[in-house]
Amino acid sequence: MTVVVLANGGELEARGRSILLRCIGRLDRVIPVLGEADAPEYWHRLHQMARLVADSPYVATK
């Protein structure tokens with residue numbers, strides 16, 4: 001996805017955003033059931049980063 005974002009002048013295309021939103025949805029379901037051995041802090045940080053990117057003004061909506 002990084003290559004696509006760079007090729008688009010820093011914008012995430014709608015298809016990439018759709019994939020990102022699906023990943024966020026999966027993290028929403030998985031994070032609450034993680035145990036300490038699963039390193040929930042790591043997955044929570046990934047969730048936060050994904051949400052920041054998805055909510056960015058540099059995301060194409062078309």
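Residue pairs that meet the salt bridge (charged side-chain N to carboxylate O under 4.0 Å, His left out) test with at least one member in residues 40-53, sequence neighbours left out, are R51-D55. Listed by first and then second residue, the side chain to side chain donor-acceptor pair (under 3.5 Å) pairs that reach into residues 20-38 are S18-R22, D28-H47, sequence neighbours excluded.
In this structure, P40 and G35 approach most closely via the heavy-atom pair CD-O, 3.3 Å.
The distance from the CD1 atom of I24 to the CD1 atom of I19 is 12.0 Å, given to the nearest 0.5 Å. Between L20 atom CG and M49 atom CE the span is 11.0 Å, to the nearest 0.5 Å.
Clustering ILVMFWY residues whenever any of their side-chain heavy atoms sit less than 4.5 angstrom apart, transitively, puts L21 in a cluster other than the one holding L27.
Contact annotation: the side chain of L34 approaches that of W43 to within less than 4.5 Å [non-hydrogen atoms, C-beta and beyond].
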